[in-house]
Amino acid sequence: MSEIRYVRGDATVPSVTGVKVIAHVCNDLGGWGKGFVLAHSRRRPEPEAAYRAWHRDRASNDFGLGAAQFVQVERYLWVANLIGRRGTRTGSKGVPVRYDAIDTALGRLADKSAELDASVHMPRIGCGLAGGKWSRVEPLVTGRLARRGIPVTVYDHGDAA
């Protein structure tokens, strides 16, 4: 069983060898324009283009809460667009994060990572704009990925406090 490794740095540029999957949480509305996705788009256009096409064609594919899309952006680098947010704003039904959807998407990520023999790299998914709590997400990451022996690195952006 692996443990989650925590580092300071930029999750869009994992500095390990081998196949890597960068995972992040997206909303179920097709919106891409705030938060971690902007860091992706500054580095490479493929994840945004794939997500927008996936949403546009949702009537004929699996786009929705709990779904996962895997986009190869380099020979040894993939991006996982995980649908784990209902909408984009906090409202009468609470924050956008949907822990059950993140859990389901992480299961799909685990299968793909095992297939690729890849390590997984992510910010604290579901805890930024989605409004989630890492204390609720971390056990999902541990259960779906780390317990299967998939190396996971969680990145905290910025300088150490």
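One-based numbering along the sequence shown. For clarity, every value in this text was computed on a predicted model and none was experimentally measured.
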Linked, directly or transitively: [X] and [Y] (ILVMFWY side chains, under 4.5 Å):
X	Y	result
L65	F70	no
Y6	V25	yes
L77	L116	no
I4	L140	yes

Quick check for you: to the nearest 0.5 Å, what is the distance between [X] atom [atom1] and [Y] atom [atom2]?
X	Y	atom1	atom2	value
S113	L145	OG	CG	6.0 Å
C26	I125	SG	CD1	10.5 Å
H121	R5	NE2	CZ	8.0 Å

Who passes salt bridge (charged side-chain N to carboxylate O under 4.0 Å, His left out) against [X], sequence neighbours left out?
X	value
D111	R148
R58	none
R86	D28

Check your understanding: Would you say D117 has more than 12 foreign heavy atoms packed within less than 6.0 Å of its CG?
Key -> no
For the residue pair [X] and [Y], what are the closest heavy atoms and their distance?
X	Y	answer
T12	A39	CG2-CB, 3.8 Å
A146	V152	N-CG2, 4.4 Å
A101	I83	CB-O, 3.6 Å
V71	A50	CG2-CB, 3.5 Å
A118	V21	CB-CG2, 3.9 Å
A67	A105	O-CB, 3.7 Å

Under the side-chain hydrogen bond (donor to acceptor under 3.5 Å, both in side chains) test, residues paired with [X] that sit two or more places apart:
X	answer
R52	E48
N27	Y51
R124	D156
R98	none

Practice item. Just grab all the salt bridge (Lys or Arg N to Asp or Glu O under 4.0 Å) pairs involving residues 10-26, residues at least two apart or on different chains. Key: D10-R43
Review point. With sequence neighbours left out, which residue pairs that include part of residues 66-78 fulfil the side-chain hydrogen bond (donor to acceptor under 3.5 Å, both in side chains) condition?
Key: Q69-N81
Practice item. Tell me, with the steps shown, if E3 and T142 meet side chain to side chain contact (heavy atoms under 4.5 Å, CB included). Key: CA-CA 7 Å; E3 302 241 346; T142 298; over 6 Å; no
Review point. Does V137 reach the side chain of C127, with side-chain heavy atoms less than 4.5 Å apart?
Key: yes
Check your understanding: Taking side chain as C-beta onward, heavy atoms only, is S119 less than 4.5 Å from I150?
Key -> no
Review point. Can you tell me if R144 uses its side chain to pair, donor with acceptor, with the backbone of I102 under 3.5 Å?
Key: no
Point to revise | Check: Y99 side chain, G132 main-chain N or O, donor-acceptor pair, under 3.5 Å | key: no
Exercise for review: Mind running side chain to side chain contact (heavy atoms under 4.5 Å, CB included) on V154 and W134 for me, showing each step along the way?
Suggested key: CA-CA 11 Å; V154 173; W134 187 246; 3.9 Å; yes
Check your understanding: Should side-chain heavy atoms under 4.5 Å link Ile, Leu, Val, Met, Phe, Trp and Tyr, which residues sit in the same cluster as V7?
Key -> Y155
Exercise for review: With sequence neighbours excluded, tell me which residues meet ring-ring contact (aromatic ring centres under 6.0 Å, His included) with H40.
Suggested key: H24, F36
**Study point:** Verdict with supporting geometry, R85 and L129, side chain to side chain contact (heavy atoms under 4.5 Å, CB included)
**Key:** CA-CA 9 Å; R85 290 173 53 191; L129 295 172; 4.0 Å; yes
**Study point:** A23: partners by side-chain contact (heavy atoms from CB on, under 4.5 Å), with sequence neighbours left out
**Key:** A80, L82, L109, V120, M122
